[in-house]
There are 2 protein chains.
Amino acid sequence: MTVTTQRVAEQLRKAILGGHLAPGERVRQEEVAQQLGASRLPVREALQMLAAEGMVEHEPNKGARVPWLSMREVDVMYKMREQLEPLALAESMPFLLPGDLLRLEEIQDEIEAGVSVEQFLALDREFHLRTYSACGIDHLNATVTRLWNSTQYYRRAFMQISGPSRRWVVNAEHRLLMDALGRGDEIDAGRFLAGHIRRTRIELNRHPEVFGED
Amino acid sequence: MTVTTQRVAEQLRKAILGGHLAPGERVRQEEVAQQLGASRLPVREALQMLAAEGMVEHEPNKGARVPWLSMREVDVMYKMREQLEPLALAESMPFLLPGDLLRLEEIQDEIEAGVSVEQFLALDREFHLRTYSACGIDHLNATVTRLWNSTQYYRRAFMQISGPSRRWVVNAEHRLLMDALGRGDEIDAGRFLAGHIRRTRIELNRHPEVFGED
DNA sequence: CTGCCACGCATTGGATCCAATTGCCAGCCC
DNA sequence: GGGCTGGCAATTGGATCCAATGCGTGGCAG
């Protein structure tokens, strides 16, 4: 059975997002190929794609590895999110359908019902990215998605060391945002979203141990 | 002589940025391979990379083409620049050396001496991107560079139809920005830069013919 | 004359083979 | 004993071959 480049890329993304490939780890083509039952070629090409997306670093003749990010890099990436996601939300809001808002309710209810860290990460991610996708601007969505992908590892580490109070804060902020979305209040929605991201960033900065920088 | 993937990607980027490959044009692997004296493989891989960067669209089994962007897409991409570039500038300013500012002077002097559209595009690009690179955040620089790359075609079309008054405005705004940089005034620099991009975006919106949307 | 199906060409995608580069380790010279 | 050098193993990179996909064209039937 032949395995396509797209499929390999997908699997590798999942492995990195799922934390099965941690920063610093080398990604050997042969190894991945065997594991997925593919030949090396689609793996090579998938790695080139992921390199262009920033999910792996690819030094010629040396191979690919999952990059370490410094605390400052992640900090700046959160600042990028703080700038871009309110824009994405504003561009999306005119196109949001009632069904989209219902789905947000579902996700948030599920989060509040109490879920594992892994489920929380997935649901939180869907909560945010789903609100932006309606804007229909590929470049914007791809950029935001890349920011989420590259920082996922550190978000996980952060959630694992922070207590339930962190969840309460997130839940409250999500509810505020959903309320503004329900009212169609673009100003408030943007403000709440930016504040949510900014506060998360500041909170992250209190935990250098997440980055091995304590 | 064997040609590397990196080199092919570089050449293709240059061809697209230089306008030799216009939106809508197909990019056939065989053709590019012959033209660069490479085999098809590095071309394939380069195209995968460019696809991940958004410089080409790549539909499986159908091939790559340079994407058309709608006026709205470019508008949103300028809004992204308006959000991201002041951030990049703020992150860079603490690291800017006197030599960097001198280089900006050189570039701006050259622009004002009167240059062709093609030279203007290159110099303007260097003027801006150079001010950001000192920040040292790869993800931020790559994102901003992608925005410049993907919109270059439309910037060229815009410059070609706009008269010299457009240049005067740009020059004045560049000088204001340089002045703020020289003073180390981060607030003003960010404000001038954001305004510069915003006004350019608004000006672009007055010319739907650039996008074939009149 | 028109619509549909089948065949063939053009092009892309994957597998395999071989070359080139890197890193490492041993052995040797200073 | 330390450092340099040469060669070997591991891994990546490129070329070529073959399969699969898509698209256009031409012929045949209605």
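Scope of the values below: all heavy atoms of this structure, side chains included, with no hydrogens, waters or symmetry mates.
Note on residues 77-86 of chain A: pairs passing side chain to side chain donor-acceptor pair (under 3.5 Å), not counting sequence neighbours, are A:Tyr78-A:Arg155, A:Lys79-B:Glu91, A:Arg81-A:Glu85, A:Glu85-A:Tyr132, A:Glu85-A:Trp148. A salt bridge (Lys or Arg N to Asp or Glu O under 4.0 Å) check over residues 119-137 of chain B, counting only residues at least two apart or in different chains, returns the pairs B:Arg103-B:Glu126, B:Glu126-B:Arg130.
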Between protein and nucleic acid, restricted to nucleotides 17-19 of chain D and to nitrogen or oxygen atoms under 3.5 Å apart, what atom pairs and distances do you find?
none

Polar atom pairs (N or O), protein with nucleotides 23-25 of chain D, under 3.5 Å:
residue, atom, partner, partner atom, Å
D:dC23, OP1, B:Lys62, NZ, 3.4

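Comparing C:dT12, D:dG14, C:dG14 against the side chain of B:Pro42 picks out D:dG14 as the nearest. Distance from the side chain of B:Arg28 is smallest for C:dT11 among the nucleotides D:dA15, C:dT11, C:dG14. Nearest nucleotide to the A:Arg26 side chain, out of D:dT11, D:dG22, D:dG14: D:dT11.
Shown here are the ring pair (Phe, Tyr, Trp, His ring centres under 6.0 Å) partners of B:Tyr153, two or more places apart in sequence or in another chain: there are none. Legend: residues meeting salt bridge (Lys or Arg N to Asp or Glu O under 4.0 Å) with A:Glu203, ordered by chain and number and at least two apart, are A:Arg206. Judged as a ring pair (Phe, Tyr, Trp, His ring centres under 6.0 Å), and not counting sequence neighbours, A:Phe192 has no contacts. For B:His174, the ring pair (Phe, Tyr, Trp, His ring centres under 6.0 Å) partners at least two apart in sequence or on another chain are B:Phe127, B:His128, B:His196. Checked against side chain to side chain donor-acceptor pair (under 3.5 Å), B:Gln35 has no partners two or more places apart in sequence or in another chain.
Between the A:Glu186 side chain and the A:Met93 main chain, no donor and acceptor come within less than 3.5 Å of each other.
Protein atom CD of A:Glu31 is 13 Å distant from nucleotide atom C1' of D:dA10, rounded to whole Å. Rounded to whole angstrom, the span from the CZ atom of B:Arg7 across to the C1' atom of D:dG14 amounts to 16 Å. When the C1' atom of C:dT16 is taken as reference, atom CD of A:Gln34 falls 15 Å away, rounded to whole Å. Regarding A:Glu30, its CD atom lies at a distance of 8 Å from the P atom of D:dT11, rounded to whole Å. Atoms CG (A:Asn61) and P (C:dT21) sit 7 Å apart, rounded to a whole Å. As a whole-Å value, the separation of B:Met49 CE from D:dG13 C1' is 14 Å. Straight-line distance from the CG atom of B:Leu41 to the C1' atom of C:dT12: 13 Å, rounded to whole Å. Rounded to an integer number of Å, the gap from CZ of B:Arg65 to P of D:dG22 is 15 Å.
Judged by closest nucleotide on DNA chain C, B:Glu59 is the one of A:Pro60 and B:Glu59 placed further toward the 5' end.
OP1 or OP2 of C:dA15 lies within a sub-4.0 Å distance of a side-chain N or O belonging to A:Ser39. OP1 and OP2 of D:dA10 both lie 4.0 Å or more from every side-chain N or O belonging to A:Gln29. For D:dG13, one of the phosphate oxygens OP1 or OP2 lies less than 4.0 angstrom from a side-chain nitrogen or oxygen of A:His58. Using a 4.0 Å cut-off, some side-chain N or O of B:Thr5 falls inside it from OP1 or OP2 of D:dG14. For B:Gln6, no side-chain nitrogen or oxygen approaches OP1 or OP2 of D:dG13 to under 4.0 Å.
A side-chain donor-acceptor contact under 3.5 Å links B:Gln29 and B:Arg40. No donor-acceptor contact under 3.5 angstrom links the side chains of A:Glu10 and A:Gln6, judged on distance only.
Residue B:Val43 is classed as having no contact, given no heavy-atom separation below 4.0 Å to the nucleic acid. Note on B:Val8: nothing from the nucleic acid sits closer than 4.0 angstrom, heavy atoms only.
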